[in-house]
Amino acid sequence: MAEAINEAIRMEMRRDKEIVLLGQDIGAYGGTFGVYKGLFDEFGSERVRDGPLCEAATTGFGIGLALAGHPTIVEIEFIDFITLASDALVNQAAKMRYFFGGQVRVPLVVRTPIVSRLGLGAQHSQSLEAWLMHVPGLRVIIPSNGADAKGLMLTALRDGNPTVFIEHVRLYASRGPVPEQDEPIPLGKLRTARHGNDVTIITYGGMVKPCVDAAEQAAKDGIECEVLDLRTLSPLDREGLCQSVRRTGRAVVAHEAVKTGGAGAEIAQSVVEGAFDYLKAPIIRVASKDLPIPTGTLQDLVFPSAVDVEAAVRQVMQ
Amino acid sequence: MAEAINEAIRMEMRRDKEIVLLGQDIGAYGGTFGVYKGLFDEFGSERVRDGPLCEAATTGFGIGLALAGHPTIVEIEFIDFITLASDALVNQAAKMRYFFGGQVRVPLVVRTPIVSRLGLGAQHSQSLEAWLMHVPGLRVIIPSNGADAKGLMLTALRDGNPTVFIEHVRLYASRGPVPEQDEPIPLGKLRTARHGNDVTIITYGGMVKPCVDAAEQAAKDGIECEVLDLRTLSPLDREGLCQSVRRTGRAVVAHEAVKTGGAGAEIAQSVVEGAFDYLKAPIIRVASKDLPIPTGTLQDLVFPSAVDVEAAVRQVMQ
Amino acid sequence: MNNNNNDDVNSELLLRWYEQMWTIRFFEENAISSFRKGLFGGSTHPCICQEAICVGAASALNPTDQVFATYRGHGHAIAKGLDLKSLMAELLCKQTGCSGGRGGSMHLCDVSKDFWGTNAIVAAHIPIAAGMALSNKLRGNGRVTVVFFGDGASCEGAFFETLNMATLWKVPVVFVCENNGYAISVPTKLAIPIENIAQRADGFGLPGVTVDGNEPIAVYGAMKQAVARARQGEGPTLLECKTVRWERHSAISAGKYENEDAAEAWKRADPIPRLEAELRRRGISDDELLSRKERARTVNDEAMQFAIDSAVPAPESVADSVFA
Amino acid sequence: MNNNNNDDVNSELLLRWYEQMWTIRFFEENAISSFRKGLFGGSTHPCICQEAICVGAASALNPTDQVFATYRGHGHAIAKGLDLKSLMAELLCKQTGCSGGRGGSMHLCDVSKDFWGTNAIVAAHIPIAAGMALSNKLRGNGRVTVVFFGDGASCEGAFFETLNMATLWKVPVVFVCENNGYAISVPTKLAIPIENIAQRADGFGLPGVTVDGNEPIAVYGAMKQAVARARQGEGPTLLECKTVRWERHSAISAGKYENEDAAEAWKRADPIPRLEAELRRRGISDDELLSRKERARTVNDEAMQFAIDSAVPAPESVADSVFA
Ligand SMILES: Cc1ncc(C[n+]2csc(CCOP(=O)(O)OP(=O)(O)O)c2C)c(N)n1
Ligand SMILES: Cc1ncc(C[n+]2csc(CCOP(=O)(O)OP(=O)(O)O)c2C)c(N)n1
Ligand SMILES: [Mg+2]
Ligand SMILES: [Mg+2]
């Protein structure tokens, strides 16, 4: 997926000379996780701007560049540090167009990875997408594969609105078909990762593959799960997920973020609001335990696994 | 309610000489909304520390004082600025005890008001409690009246854990009986603001009164609503609210935060997880529209009213 | 008055400043009185007694230079040439307001005038302004960006981080700190351990300059140098304008002024009588002065009436302009 | 070597430093090799070549003075007297680790030694340390708090805000910037527009001092002054220790060193041979030096074995210690 994102940004930077990248370690180093490999060499230090360690001002600079008409990508090295960019995102980028009566556009894309399960501990393993979902005026994109990542990044760079593009670090190395051409993917349209009529598993990002794996396991016992990959959390494809649940009558929602206050609650309640009469069982959430993330062997007890998803599927089938 | 909070803090500061207050405008001025009236005169500038405008470092200082054993209250003038304190709260205060293996305690209380409906606009009208609910390791308290505010503040100051104490600005002037004595209120226990058997209205903070008003209106047509005031969002009294819904079979969740990703989703899904089989109708959320908050006449179109709550009640009754 | 390198300061310019300062003063007085009358909610933060900074700084700019200011930036909006009617209409949250009536007193904006708005999160607009200045540099368009903020803002991380990055990248921005001695109730001496905020610059390697913010000529002169420096690609300057805040922080700030002496100080510091004296010294007649002042009053009365007569935004527009 | 006001620096002290620097060096080498062997996940950030700062600074402190450090703070933990076994066990995330095995390489802590932990959010621990120093002042307990951080951290808002507030309140804290020339891949010259980070202090009114961080005597001397100043209630000092980072940022940092010259520089800068030469100059025998070095190796080998032999935390403990 890293290459697909790199390719999308490279294509768009060639097309649109106004695009600027800001962040730390994004120069010759190519970004903390190497997503920018080669961009510095191709586009130079004016457009690929390696800078000091100051997430708040870096995001503010990004907003200023965006206001001036530069689609700008700010990289926040771990989503755990989005806290430092949150004021600029929440109180400025997301609201400016609105409170200035539509006079300005903020074509800002904040790229940031979720770095879970690597054993980096409580300050480097979080999933904070739910925060961003709760901010009107922000787009929240979270792809699960290279093809989607490429198409969604192209969309994000042309959309002209403040966007947080969340990348799951475990997916960077994932391989898969990625279209050569310029094929933007519309926001707010989920992808059906697997078809099935018994249970709808709703997920996104790093949990898509475990959910598909769980579905394959359940299929061995004749339980056919539909796995929905939301792709974007804002806008949220409520109609798309309700359509599926109206057919299956059962829903499991899975994510790596801690359960309480996570995106899963919003997704589940969206199902209740749009498909309650079709529900044959309570919606179950599969998520991380409500704990700071420990290192070492304890870590695996906190994050949800394919096994947990499968167990939830069997539970809603009862 | 302002006086009740003031009284609780004053009582506890007299009892516990280690307590320190940090913030801006908390000196002779008495706090942005006057909650600290008289504390500076009584306890002096060492314990009531008016300081420079730097929410991030102020919160960090508060954590340091707390680690050293001073129960410390940091005032963030509007909850909209919690963004600036969020790194200290999320990545430090909430997690330190955990990642240091229980060696430290962080008796930090961050007091911050929700300042909705005053016409102050997009950057001064938000309700961000859902963010804090999503952070394991934080307590989130949000009282709806003076008596609860006093008892809960006493608890917060003695609890020894990082706590965000959210005060609704419209409630500051509210009057009501406040116990003279030292009566801490346990966390995670909701209060039944009104009894009824037809619909359970689950709410907190500034929406409690509008919900009770809506209940009175509905009662005129024989619809008896139970109004639950959560009082604390973390811990969340899931069992308490499910008990009520198991009786009524109908639930409306109301808050002033924008709907998507708000606490209402977590509350609703908690009902689904704990009382699904008793539900006779889909749970409905009453919340602010998913927009930045405008000023002027538009503002009233964004915030939820008692009328909206009443409409939701009638809808779930159908 | 300090006249160094201000040979271009003639009576005509001073008269224009004089009239504009009255325009700002009357605008703020109308803002306060209409707020008190309940014509709009929220609050309003007057720049009364800080008008000299507005006019002196604006005169050093080209129309295409960009300005960012704070909730206390009504005067900067006026000095940048925004339409007075649209400004007062915005305060009253009317459809005809410069921000469509949904921003209010703290969110005035007119991109067509390169006034990129007033902001209500202290210091948050500083990196944004510097980012726009970086765009000027990337495009080589010769424009300069100016950002106004207060003494309180000079304690926020966003300000310091920006000083570091803007100096590092030599972006064409001028940081103008309006040191009016208070952050709401907190006097600068209880917030800042150094004498002059301009000294902040020493830790970052950019020039720091302090001037009397109630002397428009001093502000103008210092601004011209800072702007020229930025335009020539030499990077940012931190300009501290020492001034005095009018009675209170905002029209709703609790009680009376936190500090009695300061309460009176602004009257002594009031830049308008001082400029008036200078004009008299230069032989400008009372009639001329009076007619300028009256004109300032008239345009404000018209703006006030326009705002009152304007319609509120259409309810169905509430969800407009969230996304592009 | 710079000897000013270091009359108390005798061969015994230098020998102790020598042994401790080897102890830290071997600890870090074991950390890297055991990480590479897969004995623990995440990553580890060695302070190899920065050991002189650890020993020089720690010697200027009382046992009850508090220390805060970063993920690159293994050496500071050792210098503060933490048990080597519990440290290596923590890296391996074992039950016997100083943080119970759930903090790992970036979260070492032992409150009983007044080592208040290492932190993985750059600069976030700086205001926390200053807050603890404020407690020392309020209690008048005569203690001083020291916080270590890097050059990259000196660009973060939390650092600047803290310099302002700590100086304003004269809190007994010493800010020690370990300038190793890089923030991951970013060289300081691409991040900071001033020559010395100590110059940051000028914008805040506290003293700023720069020393050669690879000379333990220089670090010790400067620290003694800063600590004395803090203890006497005169407020904080910003002490910049110029040093050189070992090969890479962390054991997993991509590829090889970002900069070839620097890659070699650390070897030239390596403080251990330099101190060894000084000891020889003072007539310390090779046997003595060798035995010290061997002792450092032995304790580390024991610590390594202890860590390997220790059990992982009990699964049922995963939810412990979230709340007090
Ligand atoms: C980040 C942030 N913190 C606090 C506030 C509340 N507040 C509004 S204005 C103000 C005082 C700012 O003082 P200063 O920067 O000196 O500007 P002045 O009002 O004096 O022009 C404060 C604390 C805010 N709006 N934003
Ligand atoms: C707020 C924050 N931003 C980014 C990171 C990622 N990161 C970890 S270490 C580091 C470099 C810090 O450099 P410096 O302060 O010089 O310390 P050094 O690693 O050189 O000791 C970065 C960018 C982080 N952990 N926290
Ligand atoms: Mg001020
Ligand atoms: Mg470094």
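Chain letters run A, B, ... following the sequence lines, proteins first, then strands; residues in each count from 1. Below, all heavy atoms of this structure are taken into account, side chains as well, without hydrogens, waters or symmetry copies.
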Do D/Thr188 and D/Asp151 meet the criterion of a side-chain donor-acceptor pair at a distance under 3.5 Å?
-> no

Pair A/Thr32-A/Asp25, side-chain donor/acceptor within less than 3.5 Å = no

A/Tyr36 side chain to A/Arg111 side chain, donor-acceptor N/O pair below 3.5 angstrom = yes

Side chain, backbone, both or neither: which part of D/Ala124 has a non-hydrogen atom closer than 4.5 Å to chain A?
-> neither

Any donor-acceptor N or O pair under 3.5 Å, side chains A/Asn145, A/Lys209 | no

Is the D/Phe68 ring parallel, tilted or perpendicular to the D/Trp116 ring (thresholds 30°, 60°)?
-> parallel

Which one, D/Val122, D/Ile192, D/Ile121, leads in non-hydrogen pairs under 4.5 Å with chain A?
-> D/Ile121

Identify which of D/Ala319, D/Ala123, D/Ser154 forms the greatest number of heavy-atom pairs closer than 4.5 Å to chain A.
-> D/Ala319

Which one of D/Gly157, D/Gly103, D/Gly100 has the most heavy-atom pairs closer than 4.5 Å to chain A?
-> D/Gly103

Relative to chain A, which of D/Ser99, D/Cys93, D/Gly41, D/Ala120 shows the most heavy atom pairs under 4.5 Å?
-> D/Ala120

Interchain contact, A/Val302 with chain D, by part (heavy-atom threshold 4.5 Å) = side chain

Do any N or O atoms from the side chain of A/Ser144 and from the backbone of A/Gly205 form a donor-acceptor pair under 3.5 angstrom?
-> no

Count the heavy-atom pairs under 4.5 Å between each of A/Val115, A/Leu118, A/Asp80 and chain D, then report the option with the highest count.
-> A/Leu118

Between A/Ser174 and A/Tyr172, is there a donor-acceptor pair closer than 3.5 Å when you use the side chain of the first and the backbone of the second?
-> no

How are the rings of D/His45 and D/His249 set to each other: parallel, tilted or perpendicular (split at 30° and 60°)?
-> perpendicular

Determine whether the aromatic ring centres of A/His255 and A/Phe303 lie less than 6.0 Å apart.
-> no

Spell out the residues in residues 41-56 of chain A that have some non-hydrogen atom less than 4.5 Å away from a non-hydrogen atom of chain D, in order of number; otherwise answer 'none'.
-> A/Asp50, A/Gly51, A/Pro52, A/Leu53, A/Cys54, A/Glu55

Matching residue for A/Glu3 among A/Lys150, A/Arg175, A/Lys37 - test: salt bridge (charged side-chain N to carboxylate O under 4.0 Å, His left out) = A/Arg175

So which part of A/Leu301 gets closer than 4.5 Å to some heavy atom of chain D, the side chain, the backbone, both or neither?
-> side chain

